[in-house]
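What follows is a single structure, written as structure tokens, with notes after it.
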There are 2 protein chains.
Amino acid sequence: MKPETRKNEIIIKAAALFKDKGYSAVTMRDLATALGIKAASLYNHIDSKQAILQDIILSIAEEFTAGMETILQDEGSSINRLNQIIQLHVTIASRNADGMAALNTDWMHLENKLDYYLSLRDTYENNFRNIIIDGIEQGEIKDENVEVILFSMLSTLRSLYLWIPKKEDLNIDQLSDSLSAILISGINT
Amino acid sequence: MKPETRKNEIIIKAAALFKDKGYSAVTMRDLATALGIKAASLYNHIDSKQAILQDIILSIAEEFTAGMETILQDEGSSINRLNQIIQLHVTIASRNADGMAALNTDWMHLENKLDYYLSLRDTYENNFRNIIIDGIEQGEIKDENVEVILFSMLSTLRSLYLWIPKKEDLNIDQLSDSLSAILISGINT
DNA sequence: GTCTATAGGACGATAGAC
DNA sequence: GTCTATCGTCCTATAGAC
């Protein structure tokens, strides 16, 4: 799935640099230096800086799309599906925090593939929203504003990349459970 | 407080452009064009591109610091304080969504003032964390992982800028109340 | 697969006229 | 307060040697 090709090393390292400074502020010279080579040498492995960004963002976006489809095919209550979504985000963010940073902060720098990315994101959010609406209709979820519930959960889940790398003592199952408890049941006694 | 000086127009417009493309991707020529002047003319009003970023980010960061100090001086339960923090974020984000975007996504491009910004952020997070810890000790807040609670609330509150401008039908008091209900009491029935 | 050299353009910022 | 002109630097990407 992730062969140790030179191209893959470049993409992994680029994602790490993008996380720290953002796509626009990272130069091909920065990336080359971080890999111990010259900027011109990068072009033997990748087509352009833009192609690196596309690779990072779209592979993750497609992972989320596939994960959501699995969740929708499963039988299960709405709360159960929300817990599966939480687990999906924790899993992807813990495996590729740097890529998640690029997806969250640099998606607007996608050029040709911007529309494709936006369509994936839109579909994902619609599926997420429909799960919440179903839950309210079934009486599993409180009748609060749907958009506020969706926004609140998505904000937390999309920010996981900022936070997971610092908390290696908390394993991903514990984190997933703890997040479920807090997002679903709240914090007051 | 915000006189309609040319300098202020520049800063307001810069914040709007930074929100769309990020600090690094916005050029002084972009900014000048958006204001209907030439890039060189900007320098009669501002010292540098960097100075614009500092102005945007630090004025908001100091607003949060002052807001937190008021909350800490007030008598009140931990839950009450958390509700005041939610209100603080909604108020600032609704008044200056573009500036919040810069604070959230471009703080790392601060040069001389980076350490100052980080010290304000650190103090703010520590105060937030201590309110949660107090609440757990007093039995007002569930004994879940403190860092997960802090992260979850902060992630949602920090993302408000992305979302408030699109929801003008929801007034800020309604939004504040709805967010409180969801973040404090959860969503399950 | 990496290098040197460089094309061709955009960048932030300054000087000085009006 | 805005302009034109320009400086010196950095940018992505290509050409061609090794």
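In what follows, every chain begins at residue 1, and chains take the letters A, B, ... in the order their sequences are listed. Here the structure is a predicted model, which means the values were calculated and not measured.
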Is K113(A) salt-bridged to E62(A), going by a charged N under 4.0 Å from an acidic O? no
Check this one for me: any side-chain N or O of S41(B) less than 4.0 Å away from OP1 or OP2 of dG1(D)? no
Just N and O in the side chain of K38(A): are any of them under 4.0 Å from OP1 or OP2 of dC3(C)? no
Rounded to whole Å, the CG-C1' distance (L42(A) to dT14(D)) equals 13 Å
With the side chain of A40(A) defined as its heavy atoms from C-beta on, choose the nearest nucleotide among dG1(C), dC11(C), dA5(C). dA5(C)
Think T27(B) has a side-chain N or O under 4.0 angstrom from the OP1 or OP2 of dA10(C)? no
Is a salt bridge present between E63(B) and R95(B), judged by a nitrogen-to-oxygen distance below 4.0 Å? yes
Spacing between K21(A) atom NZ and dC11(D) atom C1', to the nearest angstrom: 13 Å
Whole-Å distance separating the CE atom of M28(A) from the P atom of dT4(C): 17 Å
Does R29(A) make a side-chain N or O approach to OP1 or OP2 of dC11(D) shorter than 4.0 Å? yes
Between dA13(C), dC3(D), dA13(D), which nucleotide has the shortest distance from any of its atoms to the side chain of K49(A)? dA13(D)
May I ask you to evaluate whether Y43(B) reaches the phosphate of dT14(C), defined as a side-chain N or O under 4.0 Å from OP1 or OP2? no
Counting side-chain heavy atoms from CB outward, which of dG1(C), dC3(C), dA13(C) is closest to H45(A)? dG1(C)
Expressed as a whole number of angstroms, how long is the span from D30(A):CG to dC10(D):C1'? 11 Å
State whether a side-chain donor-acceptor pair under 3.5 Å links D134(B) with S78(B). no
What is the distance, to the nearest angstrom, from the CD1 atom on I37(A) to the P atom on dC3(C)? 6 Å
Can you tell me whether the side chain of R6(A) and the base of dG1(C) have a donor-acceptor pair closer than 3.5 Å? no
Pair E4(B)-N8(B), side-chain donor/acceptor within less than 3.5 Å: no
How long is the line joining CG of D47(B) and P of dA13(C), in whole Å? 10 Å
Side chains of Q50(A) and Q54(A): donor-acceptor distance under 3.5 Å anywhere? yes
